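The model shown is predicted, which means the values in this text are computed figures rather than measured ones. As a basis for the values below, the full set of heavy atoms in this structure was taken, side chains included, without hydrogen atoms, waters or symmetry mates.
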Amino acid sequence: MELDGAGLTCAQVHEAAYGGARVTIASLDRARAAWATAQEFKGPVYGRSTGVGANRGVLVEERGLDLLRSHVCGAGPLIPPARARAMLVVRLNQLLAGGSGIDPGVLPVLADAINGGFTPPIQTYGAIGTGDLTALSTAALCLLGELPWHHERSPSPPDQPRFPLASGDALPFISSGAATLADAAIACQRLRHLLEAAIDVAAMSFTAVHASAEPLAAAVQEARPHPGQAAVAARLRGLLSQELGTRVQDPYGYRAFAQVHGAAMDALDRATAAIETDLNAATENPLMSGSLAWHNGNFHSAPVSLALDALRTALVQTAQLSAARLANLMDPAYTGRHPFLADRPGASGLLILEYVAQDALADLRHLANPVTTGTAVISLGTEDHAGFATQAARHALRCLEPLEIVLACEHTAATSALHGPTPDRPLTTDLAASRHALTLHPPT
């Protein structure tokens, strides 16, 4: 995977994190240009010749490494190595975009760390969407040899990645939301996988209850041309037989599936676009551009946090319709079978799936609460707003499991409706098989 500071995608971040992809560097030219610019400055430059935050007016000399040491104060469990590796990939790509003024010699060392299986020990808590200062400071101290790297294959690996970061490299290295963006990219890629799989599950339910395909017709979509709605309807039309159901009006889980699920796909596309913009952006403060250092707020995560808030809300709506279709599958009026798809009158059949789905759906609703309605004022009032994209991304990752469970409950019931009932028995294995089927769905 070649990184050039311009073309990194959410799918590539996921592949680098979990697929073992090696990274190479296309060119250091933009990083070198920003570094050369930084060497020319004589006056006060935030974080280089001054303190940070409320100490921005205090002139300092060669104290940048203390900034790194003071900012390593995370809390909670360590994040998985794959997510830490994704953070390194994102930060490396951003630094290749230029603008940081960091010594470009550190960039090949970061690539070596990624390819060698080295990740920093990053704890869960420590950021509010204005820069992943704790996580990136931890990585910097690993480069300096002051903290141990985690290694996937050996507790004491030889030749650990090292680089002598200078004082002036400290703020440029940590002035980024790379860990948040890595989590957001992973979440969006996996959610795309699930939302595509959900269309296949819905097709099974459509078939099981003989739902009408009329609401999916091209003429209907052309009358209200939302792109996600049209794409979902077209995909579902292709999965169904051409025979229309006999009911005039099906429940919303069928009749409005394209509208609701399409809106979720649109929200996912918007979130992906916002994230991929920042994956390839110079979010540095100050930004080295031309011959000047530009003090700015590019580190603020409002575009990402707002997009992720909207996405998590959209996930709830699509999961609610999945739960509604599950309820229809339990109803003899729609399936022509015994209640709950049981094999005989009075048996419980698949009733328990509704409990499982509603439990997971409740978690999804809580995870959809917006983070962007809150704020924080810190550093003696100098930093008077926060985007909380870190929490938005973390919640998006947590949405994966309950959404998968809701869809798996529908998948299990639709499979039974299509293939015939079985005697009452534990459904744990059936549900696990459905979850596995969803995770095997090829991403598009």
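With 3.5 Å as the limit, one finds a donor-acceptor pair spanning the side chains of Arg91 and Gln94. Side-chain atoms of Ser137 and His71 include no donor-acceptor pair closer than 3.5 Å.
Classified by interplanar angle (parallel below 30°, tilted 30° to 60°, perpendicular above 60°), the ring pair His14/Tyr18 is tilted.
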Discussion item. Thr207 vs Leu240, test: side-chain contact (heavy atoms from CB on, under 4.5 Å). Steps then yes/no.
Written reply: CA-CA 7 Å; Thr207 302; Leu240 299 175; 3.8 Å; yes
Worksheet item: Given Val406 and Glu410, is the side-chain contact (heavy atoms from CB on, under 4.5 Å) satisfied, shown in steps?
Response: CA-CA 7 Å; Val406 172; Glu410 181 187 359; over 6 Å; no
Worksheet item: Given the rule in the side-chain contact (heavy atoms from CB on, under 4.5 Å) test, do Met87 and Asp132 qualify, once you have shown the distances and angles that lead to the verdict?
Response: CA-CA 10 Å; Met87 180 198 77; Asp132 293 313; 5.6 Å; no
Practice prompt. Evaluate the criterion side-chain contact (heavy atoms from CB on, under 4.5 Å) for residue pair Leu308 and Arg312; output intermediate values, then yes/no.
Written response: CA-CA 6 Å; Leu308 288 175; Arg312 296 196 318 282; 4.2 Å; yes
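Between Asp363 and Arg398, none of the side-chain N atoms (NZ, or NE/NH1/NH2) sits under 4.0 Å from a carboxylate O, so this pair counts as no salt bridge.
One N or O on the side chain of Asn296 and one on the backbone of Glu284 form a donor-acceptor pair closer than 3.5 Å. Listed for the Ser416 side chain is no donor-acceptor partner under 3.5 Å among the backbone atoms of Ala413. Although no hydrogens or angles enter the test, the distance criterion places a donor-acceptor pair under 3.5 Å between the side chain of His261 and the main chain of Leu195. In this structure a side-chain-to-backbone donor-acceptor pair under 3.5 Å is present from Gln391 to Ala127. Asp309 places a side-chain N or O within donor-acceptor distance of the main-chain N or O of Thr372, the cut-off being under 3.5 Å. Checking side-chain atoms of His151 against main-chain N and O of Gly116 turns up a donor-acceptor pair under 3.5 Å. Ser175 contributes a side-chain N or O that, together with a main-chain N or O of Asn285, makes up a donor-acceptor pair within less than 3.5 Å. Panel note: side chain Arg435, backbone Glu404; no donor-acceptor pair is recorded below 3.5 Å.
For the salt bridge (Lys or Arg N to Asp or Glu O under 4.0 Å) test, residues two or more places apart in sequence or in another chain that qualify with Arg69 are Asp66, Glu146. In terms of the side chain to side chain contact (heavy atoms under 4.5 Å, CB included) criterion, residue partners of Thr124 (sequence neighbours excluded) are, by chain and number, Pro77, Ile79, Arg394. Taking the side chain to side chain contact (heavy atoms under 4.5 Å, CB included) definition, one finds that Glu276 meets it with Thr9, Cys10, Thr272, Leu279, sequence neighbours left out.
Note: Cys409 SG to Arg325 CZ = 12.5 Å, rounded to the nearest 0.5 Å.
Across Tyr254 and Ala211, no two heavy atoms sit closer than the pair CD2-CB, 3.7 Å. What you find for Asp169 and Gly101 is that their closest heavy atoms are OD1-O, 4.4 Å. Shortest non-hydrogen contact noted between Gly253 and Phe206 is O-CE1, 4.5 Å. Between Ser100 and Pro172 the shortest heavy-atom distance is O-CB, 3.4 Å.
Here the side chains of Trp149 and Pro120 are in contact, with some heavy-atom distance below 4.5 Å. When side chains are defined from C-beta on, Val220 does not count as touching Pro215, because their heavy atoms never get closer than 4.5 Å. Considering only heavy atoms from C-beta on, Leu143 comes within 4.5 Å of Leu110 through its side chain. Side-chain atoms of Asp4 and Leu96, non-hydrogen and from C-beta on, never get closer than 4.5 Å to each other.
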